[in-house]
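Report on one structure; see the data block that follows.
The chains referred to below are lettered A, B, ... by the order of the sequence lines, with proteins before strands, and numbering in each begins at 1.
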There are 2 protein chains.
Amino acid sequence: MIHNNIYFQIELTARKIRQYGQNVLKQHGIDITIEQWLVLNIINENEAINQISIGEKLVKDKPTISRMVNQLNKKEFIIKTTSATDSRNVELSISKKGEDLIKKLYPIIEEIRLTGLSELSKKETESIESILKKIRNKLSD
Amino acid sequence: MIHNNIYFQIELTARKIRQYGQNVLKQHGIDITIEQWLVLNIINENEAINQISIGEKLVKDKPTISRMVNQLNKKEFIIKTTSATDSRNVELSISKKGEDLIKKLYPIIEEIRLTGLSELSKKETESIESILKKIRNKLSD
DNA sequence: TAAAAATAGTTAGCTAAACAACTATTTTTT
DNA sequence: AAAAAATAGTTGTTTAGCTAACTATTTTTA
């Protein structure tokens with residue numbers, strides 16, 4: 001049966017995590033998706049980063065990052081300018097509004113993380129990390 | 001850092017699995033998505049099933065199933081009729097063309113499964129299953 | 001039995017993932 | 001210096017997931 005399939009369980013768990021997280025953000029009245037938060041957080045931690053670098057960190061392709069960055073820009077959480085030294089690159093930085101959101105979000109994101117992971121022992125944490133990595137490695141050979 | 005986050009790793013692994021699987025299907029020249037295959041397989045194993053039941057098995061909502069079923073119908077892999085006893089329900093069954101595809105797909109799907117999971121020990125398999133379940137349960141409280 | 005509630009399915013609108021094709025620069029090669 | 005290749009980003013298309021709103025039946029209940 002399908003439910004015994006590990007692939008299915010991984011995908012299902014990923015969906016549940018996203019659903020749960022999105023729901024908590026909604027309850028707090030926050031207009032951002034989990035994925036957009038990941039991007040915003042990276043921009044906050046890396047001054048003048050470009051989109052390719054964000055893609056490398058999140059393992060996502062150029063169009064996906066491009067669209068998410070444009071969402072964040074439209075919502076005025078970030079500032080997007082063209083690099084003065086290489087006009088192919090954009091330089092992304094966080095806005096005041098973005099900083100405020102980040103501050104508001106930190107405890108909420110932490111709450112989301114703790115909710116799902118709080119009861120995992122150190123051993124279980126290490127175990128799932130290594131098994132997931134093993135699966136990814138086999139699929140990348 | 002983001003890569004140490006278990007949620008991120010689960011989501012990343014789910015994406016890798018889908019990418020890898022989709023790629024193998026493409027290499028075999030097969031015009032179906034992984035998700036559509038899951039639906040097709042359930043229809044193959046459950047005569048006259050309706051869409052709600054498929055949704056329950058795959059833990060997906062009505063619109064998602066509706067669209068996937070319509071794709072399969074358009075590609076003529078299934079036959080979709082209205083139930084004679086309750087016209088709210090559809091009755092889905094596999095077509096000859098769908099049966100042929102299923103037969104062709106079984107070894108390919110098995111190959112995809114084996115590729116990622118072959119080096120997991122029985123203990124690792126049980127371990128990841130129980131940890132993923134634990135996470136899902138905590139998120140559903 | 002008539003009204004209300006539940007059920008099955010569809011449609012619309014949004015985000016994200018993946019791919020291909022494209023523009024516009026910058027760098028490398030010859 | 002001119003041509004070719006590489007790089008950064010955007011746009012278009014398709015599929016899937018999610019929510020909300022909708023139609024059309026069937027079942028419940030008052």
Side-chain angles (χ1 to χ4, degrees), chain A residues 8 11-27 30-40 48-56 58-75 78 80-92, chain B residues 8 11-27 30-40 48-56 58-75 78 80-92:
Chain A
F8 179 80
E11 197 270 336
L12 179 58
T13 310
R15 263 193 288 141
K16 286 271 179 216
I17 291 167
R18 186 161 31 75
Q19 281 170 28
Y20 178 80
Q22 207 57 60
N23 212 273
V24 172
L25 293 188
K26 195 180 174 185
Q27 281 163 10
I30 291 170
D31 174 33
I32 197 172
T33 67
I34 297 283
E35 299 302 332
Q36 285 169 23
W37 176 77
L38 288 173
V39 173
L40 186 64
I49 196 170
N50 70 358
Q51 297 184 184
I52 293 285
S53 304
I54 296 175
E56 283 165 2
L58 295 181
V59 198
K60 293 184 197 286
D61 66 3
K62 291 189 294 176
T64 300
I65 301 295
S66 175
R67 284 174 175 121
M68 287 195 291
V69 162
N70 287 338
Q71 296 280 355
L72 291 173
N73 194 32
K74 205 166 106 191
K75 292 175 186 169
I78 60 168
K80 182 180 176 181
T81 54
T82 302
S83 166
T85 53
D86 184 342
S87 52
R88 287 172 306 185
N89 282 259
V90 300
E91 286 178 355
L92 304 170
Chain B
F8 180 79
E11 197 270 336
L12 179 58
T13 309
R15 264 192 287 142
K16 288 271 178 217
I17 291 167
R18 186 160 32 74
Q19 281 170 27
Y20 178 82
Q22 207 56 59
N23 212 274
V24 171
L25 293 187
K26 196 181 175 185
Q27 281 163 13
I30 291 168
D31 174 33
I32 196 173
T33 66
I34 298 281
E35 299 302 332
Q36 284 169 24
W37 176 77
L38 289 173
V39 174
L40 186 64
I49 195 170
N50 70 358
Q51 298 184 183
I52 292 284
S53 303
I54 297 175
E56 282 164 1
L58 296 180
V59 197
K60 292 183 198 289
D61 65 4
K62 291 189 294 177
T64 300
I65 301 295
S66 175
R67 284 174 176 119
M68 289 194 290
V69 162
N70 286 338
Q71 295 281 354
L72 291 171
N73 195 34
K74 204 167 107 189
K75 293 176 186 168
I78 61 168
K80 180 178 176 181
T81 53
T82 301
S83 166
T85 51
D86 183 341
S87 51
R88 288 172 304 185
N89 283 257
V90 299
E91 285 178 356
L92 303 169

Exercise. For side chain to side chain contact (heavy atoms under 4.5 Å, CB included), just list the numbers for A:K75 and A:D31, CA-CA rounded to whole Å, side-chain angles, deciding distance to a tenth of an Å, and then say yes or no.
Key: CA-CA 9 Å; A:K75 292 175 186 169; A:D31 174 33; 3.7 Å; yes
Quiz item: Just checking, any donor-acceptor pair under 3.5 angstrom between side chains of B:D61 and B:T64?
Solution: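 Short answer, yes.
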Exercise. Using a cut-off of strictly less than 4.0 Å, decide whether A:S66 has a side-chain nitrogen or oxygen near OP1 or OP2 of D:dT10.
Key: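 Affirmative; the distance criterion is met.
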Practice problem: Output yes when at least one side-chain N/O atom of B:K62 is less than 4.0 Å from OP1 or OP2 of D:dA20, else no. | Solution: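 So the side-chain polar atoms of B:K62 never come under 4.0 Å of the phosphate oxygens OP1 or OP2 of D:dA20.
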Exercise. Would you mind telling me which residue lines up with the more 5' stretch of DNA chain D, B:S83 or A:I52, judged by nearest nucleotide?
Key: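 The residue whose closest nucleotide sits nearer the 5' end is A:I52.
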Closest approach of [X] and [Y], non-hydrogen atoms and distance?
X     : Y     : value
A:M68 : A:Q36 : SD-N, 4.3 Å
A:V59 : B:R15 : O-NH1, 2.5 Å
B:N50 : B:V90 : CB-O, 3.3 Å
B:L25 : B:T33 : CD1-C, 4.4 Å
B:V69 : B:I78 : O-CD1, 3.5 Å

Quiz item: How is A:Q22 classified with respect to the nucleic acid when contacts are heavy atoms under 4.0 Å: base, sugar-phosphate, or nothing?
Solution: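 Nothing, no heavy atom under 4.0 Å.
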Quiz item: Across the strands shown, which category fits B:T64 at heavy-atom distances under 4.0 angstrom: base, sugar-phosphate, nothing?
Solution: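 Touches a base.
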Quiz item: At what angle, to 10 degrees, do the two end axes of the helix from C:dT1-D:dA30 to C:dT30-D:dA1 meet, given five pairs define each axis?
Solution: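 The angle separating the two end axes equals 10°.
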Quiz item: Do B:E11 and A:E35 pass the side chain to side chain contact (heavy atoms under 4.5 Å, CB included) test, and can you show the C-alpha distance, the side-chain angles, and the key distance before you say yes or no?
Solution: CA-CA 11 Å; B:E11 197 270 336; A:E35 299 302 332; 4.3 Å; yes
Whole-Å distance between [N] [atom2] and [X] [atom1]?
X     : N      : atom1 : atom2 : result
A:D61 : D:dT11 : CG    : P     : 15 Å
A:L12 : D:dA16 : CG    : P     : 17 Å
A:N23 : D:dT19 : CG    : P     : 7 Å
A:N70 : D:dG12 : CG    : C1'   : 15 Å
B:K75 : D:dT14 : NZ    : C1'   : 10 Å

Between the side chain of [X] and the main-chain N/O of [Y], is any donor-acceptor distance below 3.5 Å?
X     : Y     : answer
A:N70 : A:S66 : yes
A:Q19 : A:A14 : no
A:Q22 : A:I34 : yes

Quiz prompt | Which residue lies more 5' along DNA chain C, comparing B:E91 with A:E35 via nearest heavy atoms | solution =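 Result of the comparison: B:E91.
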Quiz item: If you pin A:M68 and B:Q51 to their nearest nucleotides in DNA chain C, which one's is more 5'?
Solution: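 In this pair, the answer is B:Q51.
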Exercise. Apply side chain to side chain contact (heavy atoms under 4.5 Å, CB included) to A:I52 and A:N89, showing your working.
Key: CA-CA 9 Å; A:I52 293 285; A:N89 282 259; over 6 Å; no
Practice problem: Strictly below 4.0 Å, heavy-atom distances to any atom of DNA chain D: list the hits from residues 13-21 of chain B, or just say none. | Solution: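 Contacting residues: none.
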Quiz item: What are the 5'-most and 3'-most nucleotides of DNA chain C lying under 4.0 Å from any heavy atom of chain B?
Solution: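 Taking any atom under 4.0 Å from a heavy atom of chain B, the span is C:dA6 to C:dA20.
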Practice problem: Kindly say whether, by distance alone, the side chain of A:R67 makes a donor-acceptor pair under 3.5 Å with the base of D:dG12? | Solution: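 Answer yes: a donor N or O sits under 3.5 Å from an acceptor.
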